[in-house]
Amino acid sequence: VKTPALSQGSSFLTSVTANDLPAGSVLQMLENRTGTDVDNTSTTYADCITLNITPSSTSNKIAIYAALDVLLYASVRVDAYVRLAKVIGGVISNISERVIYNLHGTGTYYPYVTDATPFLILDSPNTTSEITYKLQIRKGSSSGTVYHCRGNAMGQSHLMLQEIKA
């Protein structure tokens, strides 16, 4: 293989496009992290962290790496629903949902600390429109409150997206 002759300060890599890269290449990488408090006593989902990405091809995948810090607080029982969702063109769809249950029988309010809830997903959105990925929390039918990063005592939640060439 002949090596191209380069003049000082030039590079043959300046002309590489996504079409020149092999399948599995990372085309974009975006990241968001937050320690913002979210208190939810409702059974309706509340956003904790969001991130937008616009795929360059309908055949490309989106790798999602996420961790959501949650604190549960109740006198007897609290169950939390934690989900990863996406919004395309104003339509929200569920990607993955988890339920966290904790029981406490003393009748006094007591915090239940959970570790970060991880999500590792390879999504096939089949679009070149902007996609908003969201990590959300809500409580179930139990009493109590579901907290995200309450007082930053829980640290931060993270959401990282990678567009992967098909």
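- Residue Ile88 is grouped with residue Leu30 when hydrophobic side chains (ILVMFWY) are merged at heavy-atom distances under 4.5 angstrom, including chains of intermediate members.
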Using the rule given for side chain to side chain donor-acceptor pair (under 3.5 Å), can you reason through Glu163 versus Ser56, listing the C-alpha separation, both sets of side-chain angles and the distance that settles it, and then say yes or no? CA-CA 8 Å; Glu163 180 183 4; Ser56 58; 2.8 Å; yes
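- Atom CD1 of Ile49 is separated from atom CD1 of Ile137 by 12.5 Å, given to the nearest 0.5 angstrom.
- Counting heavy atoms from C-beta on, the side chains of Lys165 and Pro22 never come closer than 4.5 Å.
- Under the 4.0 Å criterion applied to side-chain N and carboxylate O atoms, Asp123 and Lys61 are not assigned as salt-bridge partners.
- Shown here for Cys48 and Val38, the closest heavy-atom pair between the two residues is CA-CG2, 4.2 Å.
- A 4.5 Å side-chain heavy-atom check between Asn52 and Ile131 finds every atom pair outside the cut-off.
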Show, in sequence, the C-alpha distance, side-chain angles and deciding distance for Thr132 and Leu51, and conclude whether the side-chain contact (heavy atoms from CB on, under 4.5 Å) test is met. CA-CA 6 Å; Thr132 300; Leu51 189 57; over 6 Å; no
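- Put simply, Met160 and Leu122 are part of two different groups of oily side chains (I, L, V, M, F, W, Y) that touch within less than 4.5 Å, one to the next.
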Walk me through it: do Asp47 and Thr50 pass the test side chain to side chain donor-acceptor pair (under 3.5 Å)? CA-CA 7 Å; Asp47 292 350; Thr50 64; 5.9 Å; no
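- Considering all non-hydrogen atoms of both residues, Pro55 and Pro125 come closest at CG-CG, 4.4 Å.
- Atoms CD1 and OH, from Ile121 and Tyr65 in turn, are 11.5 Å apart once rounded to the nearest 0.5 Å.
- Taken from OH in Tyr133 to CG in Leu161, the straight-line distance is 6.5 Å, to the nearest 0.5 Å.
- Two different hydrophobic clusters hold Leu120 and Leu159 under the rule that ILVMFWY side chains link at heavy-atom gaps under 4.5 Å.
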Applying side-chain contact (heavy atoms from CB on, under 4.5 Å) to Val82 and Phe119, what does each step give before you reach the verdict? CA-CA 10 Å; Val82 178; Phe119 292 91; 3.9 Å; yes
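- Side-chain N or O atoms of Gln136 include none that pairs as donor or acceptor with a backbone N or O of Thr44 at under 3.5 Å.
- Note: Ile164 CD1 to Ser124 OG = 11.5 Å, rounded to the nearest 0.5 Å.
- Within the model, atoms CD1 of Ile53 and CD of Gln162 stand 8.5 Å from one another, a figure rounded to the nearest 0.5 Å.
- A donor-acceptor pair under 3.5 Å links the side-chain atoms of Ser157 to the main chain of Asp69, judged by distance alone.
- Taking the ring centre of Tyr81 as origin, the terminal cationic atom of Arg98 falls outside the region bounded by 6.0 Å and 45° from the ring axis.
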Please walk me through it: do Lys134 and Lys86 pass side-chain contact (heavy atoms from CB on, under 4.5 Å)? CA-CA 6 Å; Lys134 303 175 169 224; Lys86 67 181 171 186; over 6 Å; no
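- Nearest heavy atom pair, residue Glu31 against residue Arg33, reads OE2-NE, 2.8 Å.
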Carefully, step by step, assess Ile95 and Ile64 under the rule side-chain contact (heavy atoms from CB on, under 4.5 Å). CA-CA 11 Å; Ile95 296 174; Ile64 305 162; 4.2 Å; yes
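- Rounded to the nearest 0.5 angstrom, Asn94 CG and Leu84 CG are separated by 8.0 Å.
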